[in-house]
Structures are given as structure tokens and as C-alpha cells.
Amino acid sequence: MRISKTLFVTLKEEPADAEVRSHALMVRAGFIQQIAAGIYVYGPLMWRVLKKVEQIVREEHDKAGCQELLMPALQPRELWEESGRWDRYVQEKILYHFEDGRGREVCLGPTHEEVITNFVKGKLTSYKQLPQTLYQIQTKFRDEMRPRFGLMRGREFVMKDAYSFDADAEGMAESYAVLRDVYRSIFTRCGLRFTPVEADPGAIGGSGSEEFMVDADTGEDAIAVCHATGYAANVEKAASRIPPPPAIPAEVPMHKEPTPDAKSCEDLRALFPDLPLERMLKTILYRAVWTDREQTVAVMCRGDRELNVVKLTNHLDALAVELADERLVKEATGADVGFAGPIGLKKDVLLLADSSVEGVQGFLCGGNETDTHYLDVWFGRDLEQPPTHDFGLVQAGDQTLDGEGTIEITRGIEVGHIFQLGTKYSEAMGCSFADENGKLQPFHMGCYGIGVSRTAAAAIEQGHDESGMIWPLPIAPFHAMIIQMRAGDEAQDALAQELHDQLHAAGVDVLWDDRKLGAGAKFKDADLVGIPLRVVVGRDAADRKVEWKPRVGGETEVISADDVLPRIRAALEEAGVQIG
RNA sequence: CGGGGUGUACCUCAGUGGUAGAGGGGUAGCUUUGGGAGCUACCAGUCGAGGGUUCGAAUCCCUCCACCCCGACCA
């Protein structure tokens, strides 16, 4: 393809509103254009990338026996009432929903468990048909509170979603394992470095889930990994061995101390330098919301540890749990923010504690009175120890649960998430099959998602330098680029044309820069769009000599024009890319 | 949803009460030709929207909207 005949428009200047590299580079290179917050046009080059990712996704799913279909983006409210998710998704303001012309309520699908379950109902009717996995690649709609980072978190994005149907939990686990392998193959074939991690299933529900994280410092997700044991989990889910409780001090009666303006553990350390952080117990107030009620929840936690709202939300089985605002804190404690404690809380506040408080005695805690804390507080003597549970956030340096290794915190971009749903949707929506005895049983389902557009962005996040993008060969918009130095030079025109035609005929995706531009501009553009294999047709064209100039990792080399195709073939083969 | 910021040409931005600007970009010409070359001419804006103050508003005031950032939240 000749650049002069394509929509190839690059910008010299960085877009002002792009925070992450992938976003800035995609805009500069003309891959995407923003239409509104979190809504983008995918330009021709971007679309080529997306199609390549989609193709890899398709091939790997099909190879594993999955079947592709296409479901509607527009979905009726009734379906979502059946699964019981309408309220939660509306509450979380993630669902685009509106009335149609006749007053019927519909939504734009953020995910498709309801539709797929409804679709197989009456079609998958016998155990003899199982297992089956169906998938689609489609645009999803989610009204993200804060879309950001370009394609990383959009309100409309391309997603592959798959759903498995099995007769029982064992079957579901097998289908899940198959898909997990499919996912590994997909991201490996895309040329990405990634880490599969244990995850929290969130609003989707179900028992087990794993996320596939592309390793990148700019990722939105923090993950806890241990190289010694191989443990890897999203910090939302991760558990670790809590450092042992502090030594128990001599028993003295509880006493109240004035602590003016000491609202944090740090402030308190300045006041009581001899008291270890481990013997300061924080009490954090939250507002938990369910469909039909809400409650203030106070959670105690050791001063050297942090709380994990996701674990708390799951424990409470709440729709949402958020930090209490100033007003609510005052209402529950009677004090300003920073002085909450377990003693003397308002009666309707639910008091819980993180496991880290177990075994702590003689501690400091808030006095529920502005500028006041209690010291030398003992569980059992001064108050009952509240029910404890693991609500803790894993920290770098923690021991793994088995004590065999040390956890470190890294960052990643979530490009895939797989779930074992169990019978949540099949039961809620009355979707069942006949087993060997002719008895009706609900399906055991799994669901599996890949953010296709996010995967493309993650590839740039992982592969770029100061000059531009560096695409992995399997998902690059073009495999190879011919950079012709002087358009109009007879020898160069002829050789570039010959090479272009030869490569094209061989099935190589080749982009030919035939523009009448200075050499500098062409090299800058070539670096920016990051096509991995490059050939410069220049001053030696008359001798059928060209320069082999890969985007990265190779010295420029003068080679015969006849060696170009073999070289490209070799590079493609090495990257596992089939052509022709 | 709370806090902060920004809206002026296709892009990046300057312009604090008196004729709407620069650079990039595009077009034409000349020159140049291996890492975003030079010169000349031209193209390009309801100054986010509405209201107010003023002889006069991009500029001051009010309301709204959009976008970006931080937080909260989030497959």
C-alpha cells in the first residue's frame, strides 16, 4: 500500500491531553481520534491492528472448539431483571439505559451473560450436547465514571466475550482450564509479556477468576507477585501472611489522652514515639449500600496495615462500600474525622476488624471525641474484640501465606479476565438441560473476556521508545515498510515498486512511503508508527541494493534487493506469523 | 460524585478592555534532497454556549456545557 494514496496523517506535536504514552503516540500517529470522553474513532492503521488481534483471538478460540456468534448490543430491561443485575448496574451508573420511542426501557450491553443465557435456553437441552463454548467480538458500552488514558479505559470499546456451558462444576472447571490455555496462547502470539493473576470476580459474580495482566509500570492495576513461589494475584484479591503481632506490654488501665490535631498514625507517632505502629489500631468508617438499605460500618486495622475495600464489600455482600464522608463520620462517632475508635460508637454502626488486630493488646485507638485517643486498651478487658476477617491489603515485603516467599507489588494492564460463574445466571434465568436421568439441571457456566482495543493499547504501552511505537510483528498494522528516499528518482521508483509488488504478492503486509518528502520526515514518521521490518530504497537503488533497517534491535545493513523477501519471511517465521 | 485545571485556526499555543495572532499544517511556486530544510504568496477562527457590565469584551461578572488531571469508584 502506498502512503501517498492512504489516510496517513501524523502530528509533530504531542496532544496536550494525553497522559500515557500509548494514548499520545496513537493520537500523534493518527491511529485514533477522540470524539468525546472515552469515545474514539479507530483510524485505518488502528483498525488493521485491531483486526490482527481479533484474528489471533478467533484462531485460538476456534482451535479450542469454541463457536463464534454475534449478539445484539441493544438489550431489553426485562432480561436484566431476570438475572437481577439491572439495579446493581444502574446503581453503579455503569449502564447506558434509556427508553425507546414506545417507553420500553433498554440498555446498551456492557456484557452479555443475560443474552447468551437466554439464547441457549431451549437450544442446549440435553447433557449430550455439552460442553459448549460460544464467543463474540463486539463493541461494549460502559459508562465509566472516569474514562481515561486513551483506549485503556473507554466508554465504548471492542471486546471478545465467551461463555461456556457445562453439566456440572467439574465440567465447568475443565472448560475454564481450556480457555485459560487459549488466553495464554493468544497473548503469547500477540507478542506481549503478561502475568496471569488470581482476581476478584466483582460485579460479574461467581466462584473463581483470573486476570491476564500485561506487564507495564503505567498499568492501572497493582498486582502482588512472588517469584519464589509463583504466586500472583490482583491486590484486590491477594492475601499474605500478616507480620506477627507486637509484644504485649505490661498491663495498665486504659486511659484517655488529649491528642490535638493528631488525625493519622504519623501524627500520633510524633506524640507517642515509644508506641510502635503495630499497637495503634485505626478505625475506618465506611458506608455500605445494599439494594434495600445502607449501613455505617467501622473496621479496625493495625496501624502498619491498610484495608482493602473489595474484601470488605465481598464480606458484606454489599452493592457498594465507600469511605464515609465527614458528615457520616461525625454522626457515627460524634467526633471530627481522625478520632474514630471502637469504644462508644453509635449503636447502629457495625463494628468489624481486620485479622491484623488479632493478638494486639495495650493499644491506642480513637476516642470518638475530637482531639482524643484511648491508650493501653485491651481486648477482653476494655471491650470485646470485634469479629475479625481478612480485610487487609497486601503490602510489598509481606510473606506469602505459605511463608515460602516474599511478595512484591508490580503493575499491569488487565487485558483479559476469566470467571467460573457456576449456576448464578442459569438458575436466575431458568436455563437448564436434561441430565442422564432426564432430570432438569441448571448449567454451570463460565465467562471469559478480552479487551481487544485495550490489548492493542497495552502493546504500545509495553513497546515504545522516545521516537514512537514499536509493534510486535504479529499485531503490527503492517509487517514491513519500504522507505523510499527520493520519490521521482527513476531507479528508486522502479525498485520500490518491484519490491512492493513482490512482497504484496507473497502475502506480506507492506506499506510503501512513496511521498515526496525529505528523508528526515520519512524516518521520523517510520519511527513513530513503529512498523517492525523496514527497507530503505535509496542511493544504491540502481545497483539493486537496499538498506535493511529494522525498527529496533539491529544495525542498518546494505543488502541485495533479492534478499529482502527471504529476510522478511525469516522474521515472520521467527515471530510465528503465517502469511500467504 | 468531591477537588483542581483548561476551552482562541485542523494541531500546539500566545494574546488582561480598543482592527484576531504565532509556530506547525494545507495549497502554489522556486530552491533543496539520507533524520521533521529554506524563501515567497495564499488557505484557515460564530475566541466553548448563553446572559450581563461597558461607547467598546477573547479579555471583567454570572450561569451552563465540554474536555483533562487528582481522588472516590470501576470487567
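Note on naming: letters A, B, ... go to the chains in the order of the sequence lines (proteins, then strands), and numbering restarts at 1 for each one.
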Here the distance between atom C1' of A75(B) and atom CD of E156(A), to the nearest Å, is 16 Å
Look for any protein N or O under 3.5 Å of an N or O in nucleotides 7-9 of chain B and output each such pair with its distance, or none.
none

Report task. Tell me what F157(A) touches on the nucleic acid: a base, only sugar-phosphate, or nothing, going by heavy atoms under 4.0 Å. Result -> base
The Watson-Crick or G-U wobble partner of U54(B), with both key distances under 3.5 Å, is none
Tightest non-hydrogen contact, residues V564(A) and W548(A), listed as O-CZ3, 4.3 Å
Integer angstrom distance from the C1' of G23(B) to that of G17(B): 27 Å
Given the P atoms of C30(B) and U16(B), what is the spacing between them in whole Å? 42 Å
Give every pair of a protein N or O atom and an N or O atom of nucleotides 3-5 of chain B that lie under 3.5 Å apart, one pair per line with the distance.
none

Can you tell whether the side chains of D493(A) and R486(A) come within less than 4.0 Å, N to carboxylate O? no
By the Watson-Crick or G-U definition, both distances under 3.5 Å, A66(B) is matched with U6(B)
Note to self: Strictly below 4.0 Å, N to O, side chains only: are R85(A) and E113(A) in salt-bridge contact?
What the structure shows: yes
Remember a base hit wins even if backbone is also touched, and classify V289(A) as base, sugar-phosphate or nothing at under 4.0 Å, heavy atoms. nothing
Per atom distances to the R153(A) side chain, the nearest of C73(B), U12(B), C74(B) is C74(B)
Quiz prompt | Euclidean distance for P, G56(B) against G51(B) (whole angstrom) | solution = 15 Å
*Quick one: are the ring centres of H97(A) and W86(A) less than 6.0 Å apart?*
yes
**Asked** With rounding to whole Å, what would you report as the distance between U40(B) and G45(B) at their P atoms?
**Response** 23 Å
**G48(B) versus C68(B) - spacing of their C1' atoms, nearest Å** = 15 Å
Those residues at least two apart in sequence (or on a different chain) that pass ring pair (Phe, Tyr, Trp, His ring centres under 6.0 Å) with H112(A) are none
So, for H23(A) and F149(A), is the gap between ring centers shorter than 6.0 Å? no
Self-check item: Between U19(B) and A57(B) - C1' atom distance, rounded Å
Solution: 14 Å
A correct 5'-to-3' footprint of nucleotides 31-40 of chain B, with B, S and - meaning base, sugar-phosphate only and no protein heavy atom under 4.0 Å, is --BBBB----
Do the side chain of R142(A) and the base of A75(B) come within less than 3.5 angstrom through a donor-acceptor pair of N or O atoms?
yes
*asked:* Between the side chains of D563(A) and K545(A), is the shortest nitrogen-to-carboxylate-oxygen separation below 4.0 Å, so that they form an ion pair?
replied: no
Requested in this report: Taking the six-membered ring for Trp and the single ring otherwise, decide whether the centroids of F212(A) and H417(A) are under 6.0 Å apart.
Outcome: no
| request: With heavy atoms under 4.0 Å as the rule, sort E220(A) into base, sugar-phosphate or nothing. | output: nothing
Every protein N/O lying under 3.5 Å from an N/O of nucleotides 64-67 of chain B:
residue: C67(B); atom: OP1; partner: A37(A); partner atom: N; Å: 3.1

Query raised in the report: Are any of the side-chain nitrogens in E144(A) or R155(A) under 4.0 Å away from the carboxylate oxygens of its partner?
Result: no
Polar atom pairs between nucleotides 43-48 of chain B and protein, under 3.5 Å, N or O only, would you list them?
none

Quote, to the nearest angstrom, the C1' distance that separates U53(B) from A66(B).
26 Å
